[in-house]
Protein chains: 2
Amino acid sequence: MSEDFLIEMGYAGLTGRLKRLSDAFIYQTRDFYREHESDIEPNWHMIFMLLQKNEKMTVTEIADALQLSHPAIVKLINKMKKRGYVDAEIDSQDNRKYQLMLSQKAKQKLPVLQDYWTAGEKALEELLGFNTRLLEEIQKLEDRMAEADFRTRMDKLLVNE
Amino acid sequence: MSEDFLIEMGYAGLTGRLKRLSDAFIYQTRDFYREHESDIEPNWHMIFMLLQKNEKMTVTEIADALQLSHPAIVKLINKMKKRGYVDAEIDSQDNRKYQLMLSQKAKQKLPVLQDYWTAGEKALEELLGFNTRLLEEIQKLEDRMAEADFRTRMDKLLVNE
DNA sequence: TAGATTTGCGTAACCAGTTACGTTTATTAT
DNA sequence: ATAATAAACGTAACTGGTTACGCAAATCTA
């Protein structure tokens, strides 16, 4: 008997394995930051990158770019604000919007963070065996999900309805 | 500019994409069950499969087989008990242990659930393009994580310490 | 230009996992 | 036989996402 029942389950175990992997990356990244006395959190990386590229963005724009729900972004940004990494100013054209940007503190910390992220990328390249096959297969999966998602396909394939 | 910033991020976006995918599978599976008036939940599948194979198992044995923490299993099993899908009896040899097994209700419902799971597997096969490349690449990633995990590799690869 | 609709964002409640800690029972060592 | 240690499992607090709902501001429409 295989040690790992999810592997033994074949196709049916895949979704559980994705969850396990995703969790492992999140928890280990968080531990890494804590170990290195950093008060930043795993998924801030993508916000930093976005705000380096775009200077100013609203909650909705960030949610669209990352394809997450807007409450997810609100929570993220609130924490980043509280720790002084993000500044906000009300949009001069539209009073519903806040324009978000990296704070001075964030910009000062960037070189250190950049070292962490570089280490993370290298670690990931190692874990992928220095090729992009997994990335490509993930991409195909995402593309097919965009055509017709899991739920839709399950419904269509269900026999005894 | 790509619509999806995580894709644009390359390697660095992979972990976020795994999270998104994993969440998508979980939420869509939950919706599917609800739509079909089923009171079961996404990850019960793996418990059902395990308890069909092994008849009786303890919390710790299940946690080991699925490589999840034992509190995760406790929560899962409590819900399954509450809805009458799992029965428990105290181990005759060791009073700390509960032997868990599928209830009569669970066994009766199996044929219907089996239809759902078959639809799920077929949907997954479609999404993977009827080949096992993604599965193989995931396996390699898991193997490399077992050799040395993400955190360990990041630490080793960090330059300016 | 007033009324209806849409948009942006905040909040609440939920979900599925984690770590940390505590209690009871079993096992090991002296 | 007893004391120390280990194991099983329960609970609490946290994390990072979701959906559902509400409100205020902006935009569209008649």
Side-chain angles (χ1 to χ4, degrees), chain A residues 6 15-31 33-35 40-47 57-64 66-82 86 88-100 149 151, chain B residues 6 15-31 33-35 40-47 57-64 66-82 86 88-100 149 151:
Chain A
L6 289 187
T15 60
R17 289 161 78 185
L18 287 179
K19 169 72 170 152
R20 278 195 324 210
L21 271 172
S22 160
D23 282 345
F25 280 120
I26 293 169
Y27 299 136
Q28 291 180 28
T29 307
R30 202 178 49 200
D31 286 349
Y33 285 133
R34 286 184 183 162
E35 189 83 357
I40 78 156
E41 298 189 8
N43 42 13
W44 294 12
H45 186 183
M46 48 195 190
I47 307 281
M57 294 184 84
T58 66
V59 168
T60 307
E61 284 166 3
I62 295 175
D64 285 351
L66 301 179
Q67 298 189 18
L68 295 176
S69 67
H70 82 266
I73 308 301
V74 169
K75 284 190 198 171
L76 261 168
I77 291 293
N78 279 343
K79 218 174 215 175
M80 294 181 79
K81 276 186 198 163
K82 203 180 294 174
V86 162
E89 60 184 31
I90 295 173
D91 189 297
S92 52
Q93 314 292 311
D94 185 337
N95 282 307
R96 292 169 307 177
K97 295 182 184 172
Y98 282 93
Q99 292 292 341
L100 303 165
D149 66 17
R151 162 102 185 275
Chain B
L6 289 186
T15 60
R17 289 161 77 185
L18 287 178
K19 169 74 171 150
R20 278 196 322 210
L21 271 173
S22 160
D23 282 345
F25 280 119
I26 293 169
Y27 299 134
Q28 291 180 28
T29 306
R30 202 177 51 200
D31 286 349
Y33 285 132
R34 285 182 183 164
E35 188 83 0
I40 78 156
E41 297 191 5
N43 42 14
W44 295 10
H45 186 183
M46 47 196 191
I47 308 281
M57 295 185 82
T58 67
V59 168
T60 307
E61 284 166 3
I62 295 175
D64 286 350
L66 300 178
Q67 298 189 18
L68 294 177
S69 67
H70 83 267
I73 308 301
V74 169
K75 284 190 201 174
L76 263 168
I77 291 292
N78 279 343
K79 220 175 215 174
M80 293 181 79
K81 276 186 199 163
K82 203 180 295 175
V86 162
E89 59 184 30
I90 295 172
D91 188 298
S92 52
Q93 315 292 313
D94 185 336
N95 282 308
R96 294 170 306 178
K97 294 182 185 174
Y98 283 93
Q99 292 293 342
L100 304 166
D149 66 17
R151 162 103 184 273

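Computed from heavy atoms alone, side chains included, the values below leave out hydrogens, waters and symmetry copies. Just so it is clear: chains get the letters A, B, ... in the order the sequence lines come, proteins before strands, and each one is counted from 1. This structure is a prediction, so every number in the text was calculated from the model and none was measured.
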* Sugar-phosphate only, base, or nothing, as touched by B/Pro42 at under 4.0 Å among non-hydrogen atoms -> sugar-phosphate
* DNA chain D: A/Glu41 or A/Asp94, which has the more 5' nearest nucleotide? -> A/Glu41
* **N/O (side chain, A/Asn43) to phosphate O (OP1/OP2, D/dG17) under 4.0 Å** => yes
* **Closest-nucleotide 5' rank along DNA chain C - winner of A/Tyr27 and A/Lys75** => A/Lys75
* A/Asp149 has an atom CG; how far is it from atom C1' of D/dT18, in whole Å? -> 15 Å
* To do: Scan A/Lys75, A/Lys79, A/Arg34 and name whichever one has a salt bridge (charged side-chain N to carboxylate O under 4.0 Å, His left out) with A/Glu41.
  => A/Lys79
* Does OP1 or OP2 of C/dA26 have a side-chain N or O of B/Asn95 closer than 4.0 Å? -> yes
* Asked: Rounding to a whole Å, what distance do you find between A/Leu66:CG and D/dG16:P?
  -> 15 Å
* **5′-ward residue of the pair A/Gln93/A/Arg34 relative to DNA chain D** => A/Arg34
* Would you indicate what B/Arg30 reaches in the nucleic acid, counting non-hydrogen atoms under 4.0 angstrom: base, sugar-phosphate, or nothing? => sugar-phosphate
* Asked: Just how far, in rounded Å, is P of D/dG17 from CG of B/Leu21?
  -> 14 Å
* **Short side-chain to backbone donor-acceptor contact, B/Thr29 and B/Phe25, under 3.5 Å** => yes
* To do: Take A/Asp94 and A/Arg96 through the salt bridge (Lys or Arg N to Asp or Glu O under 4.0 Å) test and state the conclusion after the steps.
  => CA-CA 6 Å; A/Asp94 185 337; A/Arg96 292 169 307 177; 2.9 Å; yes
* Give B/Leu68 one of three labels, base, sugar-phosphate or nothing, depending on what nucleic acid heavy atoms sit under 4.0 Å from its own. => sugar-phosphate
* Asked: Is any side-chain N or O of B/Ser69 closer than 4.0 Å to OP1 or OP2 of C/dG17?
  -> no
* **CD1 on A/Ile26 to CG on A/Asn43, rounded to 0.5 Å** => 7.0 Å
* Base C/dG10 paired with A/His70 side chain (donor-acceptor, <3.5 Å) -> yes
* **Rounded distance (Å) that lies between atom P of D/dT18 and atom CD of A/Gln67** => 11 Å
* Asked: So how far is it from A/Leu18 CG to A/Asp23 CG, rounded to the nearest 0.5 Å?
  -> 11.0 Å
* Asked: C/dT24 base to B/Arg96 side chain: any donor-acceptor pair below 3.5 Å?
  -> no
* To do: Answer whether the closest heavy-atom distance between the side chains of B/Lys19 and B/Leu6 falls below 4.5 Å.
  => no
* Report the nucleotide, chosen from D/dG10, D/dT18, C/dG17, that has the shortest atom-to-atom distance to any side-chain atom of A/Asp23. => C/dG17
* Options D/dG17, D/dT11, C/dA12, nucleotide nearest the side-chain atoms of A/Pro71 -> C/dA12
* d(NZ, B/Lys97; C1', D/dA8) in whole Å -> 8 Å
* Starting from C1' on C/dA16, measure out to CD1 on A/Ile26 and report it in whole angstrom. => 11 Å
* For the base of D/dG17, is there a side-chain donor-acceptor partner from B/Lys19 under 3.5 Å away? -> no
* Interatomic distance, B/Gln28 CD vs C/dA16 P [rounded to whole Å] -> 15 Å
* Separation of atom CD1 in A/Ile40 from atom C1' in D/dT15, rounded to whole Å -> 16 Å
